[in-house]
A.B. asks: 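I have a structure I would like to understand better, so I am pasting it below and will then ask my questions one at a time.
These numbers come from the heavy atoms of this one structure, side chains and all, not from hydrogens, waters or symmetry mates.
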Amino acid sequence: MTPSTAPAVFFGHGSPTTILTENTATKTWREIGDRFEKPKAILCVSAHWFTRGSFVTAMDRPRTIHDFGPLSPELFKMSYPAPGAPDLAAQVRDALSEADVGLDHKWGLDHGAWTVLSKAYPDADVPVVQLSVDGTKPPEWHLKIAEKLSAFRDDGVLIAGSGNIVHNLSVMEWKEGVPPYDWAVRFHDYIVGNVEARNYDAVASYRSAGEDAALAVPHPDHFLPILYVLGASRDDDRLTVESDYYEFKSLSMASFVFAPE
């Protein structure tokens with residue numbers, strides 16, 4: 001049976017503690033998992049595997065990585081025992097030959113991957129591989145190389161990016177219900193507007209938004225995964241912007257879903 005074309009989804013993942021309660025984000029992630037046919041596999045690009053060079057996980061059983069500070073002890077007890085997909089990892093390496101992707105057997109699934117997937121696919125029965133974000137490359141490179149990933153969708157592989165449009169921890173306020181900063185709203189609207197207009201070059205050139213961009217994206221790690229989802233999207237995909245709200249004044253929780261009509 002031929003699998004359905006899988007979607008490409010950017011998950012705005014926010015704090016790891018998000019998954020400890022029922023909230024707009026976790027409900028959205030679960031609903032996304034329920035909305036589409038279960039994928040054959042998931043190729044995830046997370047903000048939290050930021051590397052020199054490109055790598056893809058190629059182990060049979062990726063470990064659950066608790067890559068965060070002293071948060072709730074409950075988080076450290078959590079495991080996401082999804083299988084790996086060594087064959088898919090090799091195919092990704094071959095498809096991205098210009099990136100000289102290395103097969104990795106040490107990393108696993110960091111919290112940018114397993115937190116959102118634990119809600120979208122709680123049975124942990126879909127094989128997952130992670131592709132690292134090469135921090136030495138410019139945004140335009142990431143957008144271009146991601147176009148090579150689009151073909152995997154026809155084989156039932158969900159392309160998932162995990163990060164945030166706006167992510168500035170240094171000015172966060174750990175309070176519920178506080179309104180976002182004006183600059184956070186302006187930058188968020190700038191990015192969402194260009195995504196909706198399919199103006200992806202402008203998204204890759206996000207630094208042109210000036211001071212708003214500097215405040216919203218002080219480090220590119222959480223932003224660059226967006227470009228992999230945009231690159232893997234298609235002109236005839238239906239785009240929805242979901243879980244579109246802010247946390248702690250400087251985190252945009254918005255997700256993008258690109259799916260066949």
Side-chain angles (χ1 to χ4, degrees), residues 8-18 25 44-54 67-69 110-113 115-116 130-146 159-174 178-233 239 241-258:
V9 182
F10 173 74
F11 294 95
H13 72 239
S15 168
T17 57
T18 298
C44 185
V45 180
S46 164
H48 296 282
W49 198 19
F50 203 72
T51 55
R52 295 184 64 85
S54 295
D67 52 330
F68 35 73
D110 60 55
H111 81 264
T115 56
V116 297
Q130 275 199 232
L131 176 65
S132 76
V133 178
D134 184 350
T136 70
K137 302 295 187 183
E140 295 78 9
W141 181 90
H142 296 280
L143 179 63
K144 185 65 177 177
I145 203 167
I159 308 299
S162 182
N164 297 94
I165 298 173
V166 178
H167 184 271
N168 189 331
L169 301 184
S170 68
V171 295
M172 281 174 49
E173 290 189 15
W174 284 95
V178 290
Y181 293 105
D182 291 345
W183 52 261
V185 175
R186 288 194 300 267
F187 183 76
H188 170 276
D189 290 349
Y190 169 79
I191 295 300
V192 171
N194 279 297
V195 170
E196 291 177 331
R198 304 300 209 268
N199 188 5
Y200 301 155
D201 289 338
V203 178
S205 301
Y206 68 93
R207 291 296 184 194
S208 64
E211 185 64 19
D212 287 348
L215 288 166
V217 189
H219 190 278
D221 54 357
H222 277 71
F223 189 83
L224 293 179
I226 295 171
L227 301 180
Y228 284 83
V229 173
L230 300 186
S233 71
L239 164 65
V241 182
E242 308 185 28
S243 186
D244 193 0
Y245 70 103
Y246 303 85
E247 284 191 338
F248 312 127
K249 293 183 75 74
S250 60
L251 286 179
S252 166
M253 297 297 292
S255 295
F256 300 131
V257 180
F258 292 90

A.B. asks: How would you list all residue pairs meeting salt bridge (Lys or Arg N to Asp or Glu O under 4.0 Å) that involve residues 202-212, not counting sequence neighbours?
C.D. replies: Arg186-Asp212

A.B. asks: Give me the atom names and distance for the closest heavy-atom approach of Val171 to Trp183.
C.D. replies: CG2-CZ2, 3.8 Å

A.B. asks: Please enumerate all residues that pass side-chain contact (heavy atoms from CB on, under 4.5 Å) together with Asp134, with sequence neighbours excluded.
C.D. replies: Ser54, Thr136, Lys137, Trp141, His142

A.B. asks: Taking the side chain as every heavy atom from C-beta outward, state whether Glu140 and Ser205 have any atom pair closer than 4.5 Å.
C.D. replies: yes

A.B. asks: Might you point out which heavy atoms bring Thr18 and Ala25 nearest each other, and give the distance in Å?
C.D. replies: CG2-CB, 4.1 Å

A.B. asks: What I'd like to find out is whether the side chain of Tyr245 reaches to under 4.5 Å of the side chain of Pro180, using heavy atoms alone.
C.D. replies: no

A.B. asks: Of all the heavy-atom pairs spanning Ala113 and Ser46, show the shortest one and how long it is.
C.D. replies: N-OG, 4.1 Å

A.B. asks: Is there a side-chain contact between Phe223 and Val203, using heavy atoms and a 4.5 Å cut-off?
C.D. replies: yes

A.B. asks: Can you sort out the partners of Tyr190 under ring-ring contact (aromatic ring centres under 6.0 Å, His included), two or more places apart, ordered by chain and number?
C.D. replies: none

A.B. asks: Could you pull out all residues at least two apart from Asp201 that satisfy side-chain contact (heavy atoms from CB on, under 4.5 Å)?
C.D. replies: Leu143, Asn199

A.B. asks: So Thr115 and Phe11, do their side chains get closer than 4.5 Å, heavy atoms only?
C.D. replies: no

A.B. asks: Mind jotting down which residue pairs meet the salt bridge (Lys or Arg N to Asp or Glu O under 4.0 Å) criterion with at least one end in residues 241-251? Sequence neighbours excluded, please.
C.D. replies: Arg35-Glu242

A.B. asks: Can you list the residues that meet the ring-ring contact (aromatic ring centres under 6.0 Å, His included) rule with His111, with sequence neighbours excluded?
C.D. replies: His13, His48, Phe68

A.B. asks: Of all the heavy-atom pairs spanning Phe187 and Ala216, show the shortest one and how long it is.
C.D. replies: CD2-CB, 3.3 Å

A.B. asks: Taking the side chain from Asn168 and the backbone from Ser170, do they hold a donor-acceptor pair closer than 3.5 Å?
C.D. replies: yes

A.B. asks: Would you call Pro139 and Leu224 a side-chain contact if the rule is heavy atoms closer than 4.5 Å?
C.D. replies: yes

A.B. asks: Taking all non-hydrogen atoms of both residues, which atom of Val166 and which atom of Ala184 are closest, and how far apart?
C.D. replies: CG2-O, 3.6 Å

A.B. asks: List the residues meeting side-chain contact (heavy atoms from CB on, under 4.5 Å) with Glu196, not counting sequence neighbours, and say none if there are none.
C.D. replies: Val192, Leu239, Val241

A.B. asks: Calculate, to the nearest 0.5 Å, the distance between atoms CD1 and NE2 belonging to Ile165 and His188 respectively.
C.D. replies: 4.0 Å

A.B. asks: Considering only distance and modelled atom types, tabulate donor-acceptor pairs under 3.5 Å from the side chains of residues 251-258, sequence neighbours left out.
C.D. replies:
from, atom 1, to, atom 2, distance (Å)
Ser255, OG, Phe10, O, 3.4
Ser255, OG, Gly12, N, 3.2

A.B. asks: Start with the C-alpha gap between Leu230 and Val195, add the side-chain angles, then the distance that decides, and say whether side chain to side chain contact (heavy atoms under 4.5 Å, CB included) holds.
C.D. replies: CA-CA 8 Å; Leu230 300 186; Val195 170; 4.0 Å; yes

A.B. asks: What pair of heavy atoms forms the shortest contact from Ala47 to Gly163, and how long is it?
C.D. replies: CB-CA, 4.3 Å

A.B. asks: By side chain to side chain donor-acceptor pair (under 3.5 Å), which residues pair with Arg198, not counting sequence neighbours?
C.D. replies: Tyr200

A.B. asks: Run the side chain to side chain donor-acceptor pair (under 3.5 Å) test against Tyr181 and tell me which residues pass, sequence neighbours left out.
C.D. replies: none

A.B. asks: Does the side chain of Tyr206 come within less than 4.5 Å of Asn194's, by heavy atoms?
C.D. replies: no

A.B. asks: Between atom OG of Ser250 and atom CG of Leu215, what is the distance when rounded to the nearest 0.5 Å?
C.D. replies: 10.0 Å

A.B. asks: Can you list the residues that meet the side-chain contact (heavy atoms from CB on, under 4.5 Å) rule with Thr51, with sequence neighbours excluded?
C.D. replies: Trp49, Phe55, Ser132

